[in-house]
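Notes for the one structure printed next.
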Amino acid sequence: MSNLSARTGRDRQRYDNNFRLVSGCIPYRLMKDEEDSSVDFENRLQVLMVSSPNRHDLVFPKGGWEDDETVLEAASREAMEEAGVKGILREDPLGVWEFRSKSSSVEAECCLGGGCKGYMFALEVKEELETWPEQENRERRWLNVKEALELCRYEWMQSALEEFLRVMAEDGRPGGTQEDPLAISSISNRGDRQIDPRYCFVNCS
């Protein structure tokens, strides 16, 4: 078992106009194909999804953004807690999606109106932990992009994955770190803080 535990409860949960604020990421890696260098970027790109507790559907790591952390810290923490991975978090958000969960239990958590507002980021995986806080309730699975798009249960996650692919294609490489100061300053309020090294492979601030 992991010596770290997942956060529980909603005492520190952030809300915005009755929307529960959520932060998550799309963990990814670029597979090396030494035998065939002609394989294109998209076919070498893999993303990591995790199973939902008590269900068979696959999702990207995400969870509540709490009031003692930045949105970037929340995304890194959720990746470690749910998927057991650490890496380099791209500071540019892929986007912000408003959604209503189809699961009644999660919908109740989302807040009074059942709505969530999710900030999603890209995380280049550098370390996979052998044990992690939610491993008893979640299985992780590496997929190519086509498989991930087919298995995404939620439209907003499909949209986030499509935006991820667009950003990665524009970069031409994983781990891009071009930052949009306006986008970040409006949601993170990072100051001089660094992301907790328990959740991130390197300093991501």
Side-chain angles (χ1 to χ4, degrees), residues 1-10 13 20-31 45-66 69 71-90 93-95 97 99-107 109-110 116-165 168 174 195-196 198-201 204:
M1 285 292 295
S2 171
N3 58 1
L4 292 174
S5 59
R7 290 193 179 196
T8 58
R10 295 287 176 265
Q13 173 65 55
R20 178 181 178 233
L21 298 185
V22 169
S23 184
C25 65
I26 298 179
Y28 71 94
R29 65 186 180 187
L30 191 63
M31 302 300 292
L45 189 64
Q46 292 188 335
V47 296
L48 183 66
M49 301 187 77
V50 295
S51 61
S52 298
N54 303 318
R55 298 200 303 274
H56 297 294
D57 56 319
L58 296 175
V59 297
F60 294 113
K62 65 173 179 58
W65 173 16
E66 302 191 347
E69 61 187 353
V71 68
L72 298 172
E73 289 172 323
S76 296
R77 175 177 56 77
E78 291 294 339
M80 188 282 297
E81 290 180 354
E82 295 191 356
V85 292
K86 299 180 181 182
I88 301 173
L89 189 72
R90 180 189 176 97
L94 296 170
W97 285 266
F99 58 94
R100 182 186 297 268
S101 173
K102 294 181 181 179
S103 167
S104 59
S105 60
V106 176
E107 182 173 328
E109 291 180 353
C110 273
C116 297
K117 183 182 291 186
Y119 296 85
M120 293 295 288
F121 299 85
L123 178 77
E124 183 183 6
V125 173
K126 294 296 185 180
E127 181 180 358
E128 290 186 61
L129 304 178
E130 293 185 3
T131 61
W132 67 97
E134 297 188 21
Q135 70 181 110
E136 292 187 359
N137 297 318
R138 297 184 185 273
E139 295 182 0
R140 56 189 179 191
R141 182 175 172 186
W142 284 103
L143 302 163
N144 62 39
V145 173
K146 182 179 180 181
E147 291 171 330
L149 283 170
E150 291 175 349
L151 291 173
C152 273
R153 176 185 179 190
Y154 303 106
E155 290 185 6
W156 76 270
M157 281 194 177
Q158 292 178 343
S159 177
L161 181 55
E162 290 169 354
E163 179 62 17
F164 164 80
L165 289 174
M168 292 295 104
I195 292 179
D196 192 323
R198 293 178 299 172
Y199 305 140
C200 198
F201 187 75
C204 299

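In this chain, residues are counted from 1 in sequence order. All figures in this text were calculated on a predicted structure; none of them were measured in a lab.
- Annotation: the span from L45 atom CG to I26 atom CD1 amounts to 9.5 Å, rounded to 0.5 Å.
- Atom CD of E155 has 12 or fewer heavy atoms from other residues, nucleotides or ligands within 6.0 Å.
- With sequence neighbours left out, the side-chain contact (heavy atoms from CB on, under 4.5 Å) criterion links S52 to R55, D57, V59.
- With Q13 contributing its side chain and L21 its backbone, the two residues share a donor-acceptor pair below 3.5 Å.
- Applying the side-chain hydrogen bond (donor to acceptor under 3.5 Å, both in side chains) test to W97 and every residue at least two apart in sequence or in another chain returns S159.
- Remark: L143 pairs with M49, L58, R141, E147, A148, L151 by the side-chain contact (heavy atoms from CB on, under 4.5 Å) rule, at least two apart or across chains.
- In this structure S51 satisfies the side-chain hydrogen bond (donor to acceptor under 3.5 Å, both in side chains) test with no other residue, sequence neighbours excluded.
- Legend: residues meeting side-chain contact (heavy atoms from CB on, under 4.5 Å) with E78, ordered by chain and number and at least two apart, are E81, E82.
- Pairing each heavy atom of Q158 with each of L149, the nearest pair is NE2-O, 3.5 Å.
- Nearest heavy atom pair, residue G64 against residue E69, reads O-OE2, 3.8 Å.
- Residues satisfying the ring pair (Phe, Tyr, Trp, His ring centres under 6.0 Å) test with F164, not counting sequence neighbours, are Y28.
- Considering CZ of F99 and CZ of R20, their distance stands at 8.0 Å, rounded to 0.5 Å.
- Residue E124 holds its CD atom at 11.0 Å from CZ of R90, rounded to the nearest 0.5 Å.
- Nearest heavy atoms, A75 versus F121: CB-CD1, 3.9 Å.
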